[in-house]
Amino acid sequence: TFSYLSYGELDRRDANGELKGHFRPYDLALVLSYGRKFTSDLAMGANVKFLREQIDDKKAQAIAFDFGGRYDVPNSQLSLGVNLQNFGTKVKFVEESFDLPLNVKLGVAYKLLDNSIAVAADLNRPWDNDVNIGLGIEYTPITQFHLRSGYRYSLGGNDLGVVSGLTAGLWLSIESYQIDYAFVSFGELGPTHRVSVLANF
């Protein structure tokens, strides 16, 4: 996958505030992924990520790795997952170097009512922030349609208020196309709406 985020054209000014031109800061991520199902119960995968950020004539870049796995407990509706993120090189911006934000996630899911309902929970342990816990539920009335809702809480308290952990969304499959919509509340900053479309060919 390829992600590019531009912050638009910004003014370049000197120490006295005089305009000295313009520049376009951006973030870029190139991700190569590989996954494999080793048995009917065990699947594992990995990402290799090239990351780059540029502000005016200053830039920082790094290479990072993610590793993940899922285990479906035999003869049950229980699934367990683990995800290790951002193992990689240090990032140097101007004169300062720093580590990428390591992150470990542990998850569990259980399916009910002939797999039409899935209940999930995860524990997210970022090395540079508070531990947070997520709870979610997904309802699948038909194979092509999923409804989702969840809540994430930081053990240090949600900085933007209690409502900021609320999420909801839906997933719809129409022939070779998939549409995904997500609502994410940022509390005092208001909500965001994300829509993605995937085409298989």
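All figures in this text were calculated on a predicted structure; none of them were measured in a lab.
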Taking the side chain as C-beta and beyond, is there a heavy-atom pair between Phe50 and Val31 under 4.5 Å?
no
Does Tyr7 form a ring-ring contact (aromatic ring centres under 6.0 Å, His included) with Tyr26? I'd like the steps, not just the answer.
CA-CA 6 Å; Tyr7 296 91; Tyr26 68 86; 9.1 Å; no
Out of curiosity, does Val119 fall in the hydrophobic cluster containing Val108 (side-chain heavy atoms, cut-off under 4.5 Å, transitive links)?
yes
Counting only heavy atoms not in Tyr177 (residues, nucleotides, ligands), do more than 12 fall under 6.0 Å from its OH?
no
Between Gly21 and Leu19, what is the shortest heavy-atom contact and its length?
O-CD1, 3.4 Å
Would a 4.5 Å heavy-atom cut-off, applied to side chains only, mark Asn103 and Asn124 as touching?
yes
Got a sec: does the CD of Glu9 have more than 12 other heavy atoms crowding it under 6.0 Å?
yes
Judged by atom type as modelled, is there a donor-acceptor pair below 3.5 Å linking the side chain of Thr89 to the main-chain atoms of Ile63?
yes
Determine, for Arg70 against Asp41, whether the closest basic-nitrogen to carboxylate-oxygen distance falls under 4.0 angstrom.
no
Answer yes if Ile174 and Leu147 sit in the same cluster of Ile, Leu, Val, Met, Phe, Trp and Tyr residues linked by side chain heavy atoms under 4.5 Å apart, and no otherwise.
yes
Could you walk me through whether Asp180 and Arg148 pass the salt bridge (Lys or Arg N to Asp or Glu O under 4.0 Å) test, one step at a time?
CA-CA 11 Å; Asp180 201 349; Arg148 300 163 177 159; 3.7 Å; yes
With a 4.5 Å limit on heavy-atom distance, are the side chains of Pro191 and Phe183 in contact?
yes
Measure from the side-chain N and O atoms of Thr39 to the backbone N and O of Leu42, and report whether any donor-acceptor pair falls under 3.5 Å.
yes
Enclosure of Asp114 CG (heavy-atom neighbours >12, cutoff 6.0 Å)
no
Can you find a heavy atom in the side chain of Pro25 that is under 4.5 Å from one in the side chain of Leu10?
yes
Any heavy-atom pair between the side chains of Gln85 and Lys105 that's under 4.5 Å?
yes
Could you state whether Tyr153 and Leu123 fall into the same hydrophobic cluster, counting links through intermediate Ile, Leu, Val, Met, Phe, Trp or Tyr residues with side-chain heavy atoms under 4.5 angstrom apart?
yes
Does either side chain, that of His193 or that of Tyr181, offer a donor lying less than 3.5 Å from an acceptor on the other one?
yes
Less than 4.5 Å apart, any side-chain heavy atom of Ser164 and any of Leu166?
no
Carboxylate-amine/guanidinium proximity below 4.0 Å for Lys90 and Asp99
yes
Test: Asp56 and Lys58 ion pair at under 4.0 Å
no
I'd like to know if the side chain of Arg12 reaches the main chain of His22, judged simply by a donor and an acceptor atom lying under 3.5 Å from each other, with no hydrogens or angles considered.
yes
Quick one: pull up CZ in Phe87 and CG in Leu102 and give me the separation to the nearest 0.5 Å.
5.5 Å
Does the pair Asp66/Lys49 count as a salt bridge with the N-to-O cut at 4.0 Å?
yes
Are side-chain N/O atoms of Ser33 and Asn47 paired as donor and acceptor at under 3.5 Å?
yes
Mind checking whether Ile133 and Asp122 have side chains closer than 4.5 Å, heavy atoms only?
no
Ile117 side chain reached by Ile137 side chain, heavy atoms, under 4.5 Å
yes
